[in-house]
There are 2 protein chains.
Amino acid sequence: MSSASDSVRASGRRPVTPRAHPGKAYHHGDLRAALLCSARTLLEEQSIAALGLRAITRHAGVSQTAAIPHFGNLTGLLSALATVGYEDLADALTPALPQGAHAAGMAYVRFAIRNPGLFTLMFRSDAIDRKEPDLAAASAQTSAMLTRLIGSLEGPRSSQTRAGTRAALWGKVHGLAVLAVDGLLEPLLTFDGEEMSLDELIADALR
Amino acid sequence: MSSASDSVRASGRRPVTPRAHPGKAYHHGDLRAALLCSARTLLEEQSIAALGLRAITRHAGVSQTAAIPHFGNLTGLLSALATVGYEDLADALTPALPQGAHAAGMAYVRFAIRNPGLFTLMFRSDAIDRKEPDLAAASAQTSAMLTRLIGSLEGPRSSQTRAGTRAALWGKVHGLAVLAVDGLLEPLLTFDGEEMSLDELIADALR
DNA sequence: GATTTAAACTTAACACTGTTAAGAATGATC
DNA sequence: GATCATTCTTAACAGTGTTAAGTTTAAATC
């Protein structure tokens with residue numbers, strides 16, 4: 001279980017300025033990471049609609065435009081947050097990959113359920129910029145893990161059916177994740193008065 | 001192929017005021033339908049981000065707040081548009097259902113690809129209000145079609161595995177639709193210089 | 001070590017948004 | 001024909017992202 005604060009990573013390529021007067025200086029020290037942390041907190045504690053530039057900077061205790069030097073604009077900030085999301089997703093997938101497709105699929109969906117806001121943001125193509133290099137790299141890395149998984153599954157196939165298999169697996173897993181996050185699978189949990197957990201349903205669907 | 005204008009339906013429960021002076025009167029006549037049509041045009045010709053109350057009314061040639069009496073607020077308008085989307089999706093699914101799961105899945109994904117903006121809106125839980133009765137009804141109707149499809153597929157099963165099967169099918173189909181609309185399947189279309197169409201890939205993945 | 005330069009951060013303003021309130025125009029009802 | 005409810009407009013409010021200009025600090029250069 002990764003909290004919002006500890007999983008926001010270091011500031012990426014830009015070297016972090018060592019802060020001389022921690023927390024109080026005019027120069028914040030690591031405002032970039034602090035803003036990402038505030039954004040992630042707002043995202044999970046409230047909603048994706050609460051992710052405004054002013055709301056984030058207000059939560060971090062800085063002025064309205066303090067994010068501009070670090071991210072350029074709101075899209076830049078959200079893209080950086082989505083990048084964190086792809087990195088965290090890769091971390092969640094890594095230990096499950098050698099256990100096969102079922103375990104990997106469960107890890108994917110569970111990540112979405114545990115980080116619903118972040119997962120949603122990662123696929124909001126109109127709120128983020130997929131051409132941002134960091135984001136493109138993190139996204140491609142996650143994608144590559146899926147490719148390796150498919151490649152390790154069975155014997156030799158044509159590359160065409162491999163593409164189909166890959167789309168089928170990713171589609172199934174991603175669809176279940178999206179539907180679960182949106183609460184659209186809940187009507188399926190009750191039948192004739194009996195209940196089943198969301199995790200059970202997904203494990204069932206992934207067989 | 002359904003164009004944006006002809007597929008916006010009549011105004012729903014609210015009886016349409018017969019227009020005395022078509023197009024020129026102070027009372028528009030069927031502003032509700034006209035606004036939905038403008039919204040759908042903006043949605044598909046531009047993007048989901050262009051769906052503002054002012055942009056829609058501007059496109060329809062009325063004042064900024066003319067949509068309020070009909071929809072209450074922006075969420076109401078977008079929910080009504082999503083309702084149209086679920087109705088259109090049901091129409092697209094109906095002829096394919098008797099042909100089995102593969103045909104139904106293809107119809108689902110093709111609908112998404114042909115109406116990317118509308119399909120995206122239909123699953124934007126923070127932009128629409130799923131408790132709106134019309135929307136809930138239209139959405140439930142689509143869901144019921146899926147249930148009937150699963151029920152007609154094979155012999156008797158426990159209701160538990162039926163829920164799993166249903167989640168698996170819906171998840172796979174929905175995931176492929178979402179990924180296709182976001183352009184995330186395109187990297188899978190090329191292998192060793194050879195190309196394959198998106199439709200082929202999806203047909204492959206749905207087997 | 002002093003000076004210059006570059007970056008972070010703040011304040012103020014602009015154009016834009018959704019929503020509300022009040023008023024004018026119209027169709028429906030009695 | 002008078003009343004009433006609805007539709008639609010205008011005006012205003014609080015909020016947003018972004019830009020420009022100015023201030024404060026850290027780093028770089030001499």
Side-chain angles (χ1 to χ4, degrees), chain A residues 11-36 38-39 42 46-81 124 126-129, chain B residues 11-36 38-39 42 46-81 124 126-129:
Chain A
S11 304
R13 297 169 305 174
R14 211 168 314 224
V16 173
T17 322
R19 45 178 170 171
H21 314 296
K24 296 163 192 170
Y26 187 94
H27 280 33
H28 181 284
D30 200 358
L31 183 56
R32 190 187 141 94
L35 287 171
L36 287 176
S38 284
L42 285 171
Q46 302 191 31
S47 80
I48 204 172
L51 275 190
L53 222 32
R54 283 170 135 105
I56 296 169
T57 51
R58 206 181 301 136
H59 185 276
V62 291
S63 78
Q64 311 166 353
T65 59
I68 303 295
H70 297 279
F71 301 99
N73 55 20
L74 176 61
T75 302
L77 200 164
L78 298 186
S79 301
L81 187 54
R124 280 262 157 121
D126 60 326
I128 62 180
D129 178 14
Chain B
S11 306
R13 294 168 308 172
R14 212 166 314 223
V16 173
T17 322
R19 43 179 176 173
H21 314 296
K24 297 163 191 168
Y26 186 93
H27 280 34
H28 181 283
D30 200 0
L31 182 57
R32 191 187 140 95
L35 286 171
L36 287 176
S38 285
L42 284 172
Q46 302 191 30
S47 81
I48 204 171
L51 275 190
L53 222 31
R54 283 169 134 105
I56 296 169
T57 51
R58 206 180 301 136
H59 185 275
V62 290
S63 77
Q64 310 166 354
T65 60
I68 303 295
H70 297 279
F71 301 99
N73 53 22
L74 176 60
T75 302
L77 199 164
L78 297 186
S79 301
L81 186 54
R124 280 262 157 123
D126 61 326
I128 63 181
D129 178 14

Below 3.5 Å is the cut-off: list the nitrogen or oxygen pairs between protein and nucleotides 12-15 of chain C, distance only.
none

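The side-chain heavy atoms of A/Phe71 and A/Leu81, taken from C-beta on, include no pair separated by under 4.5 Å. By the 4.5 Å heavy-atom criterion applied to side chains, A/Thr65 and A/Thr57 are not counted as neighbours. Within the 4.5 Å cutoff, side-chain heavy atoms of B/Leu53 are placed close to those of B/Ile68. The shortest distance between side-chain heavy atoms of A/Arg124 and A/Asp126 falls below 4.5 Å.
Per the geometry, CG belonging to A/Asp30 stands 12 Å off P belonging to C/dA8, to the nearest Å. Distance B/Leu77 CG to C/dT19 P: 10 Å, rounded to the nearest Å. Atom CZ in B/Arg32 sits roughly 16 Å away from atom P in D/dT6 (whole-Å rounding). Atoms NE2 (B/His70) and P (D/dT9) sit 9 Å apart, rounded to a whole Å. Here C/dA7 presents its C1' atom at 15 Å from CZ of A/Phe71, a figure rounded to the nearest Å.
Between D/dC8, C/dC9, C/dT19, one nucleotide has an atom nearer to the side chain of B/Leu53 than all others, and that is C/dT19. The side chain of B/Asn73 has C/dT19 as its nearest neighbour among D/dC8, C/dT19, C/dA8. Of the listed nucleotides (D/dG17, D/dT7, C/dG18), D/dT7 has the atom at the smallest distance from the side chain of B/Pro69. For A/Arg58, whose side chain is taken as the heavy atoms from C-beta onward, the closest listed nucleotide among D/dT16, C/dT20, C/dC9 is D/dT16. For A/Leu74, whose side chain is taken as the heavy atoms from C-beta onward, the closest listed nucleotide among D/dT18, D/dT9, C/dT10 is D/dT18.
Of the residues near DNA chain D, B/Ala66 and A/Ile68, the one whose nearest nucleotide (by heavy atom distance) lies more toward the 5' end is B/Ala66.
Scanning both residues, A/Leu36 and A/Ala80, for their nearest heavy atoms gives CD2-CB, 3.9 Å. Closest non-hydrogen pair, A/Val62 versus A/Leu31, comes out as CG1-CD1, 3.9 Å.
With B/Ser79 contributing its side chain and B/Asp129 its backbone, the two residues share a donor-acceptor pair below 3.5 Å.
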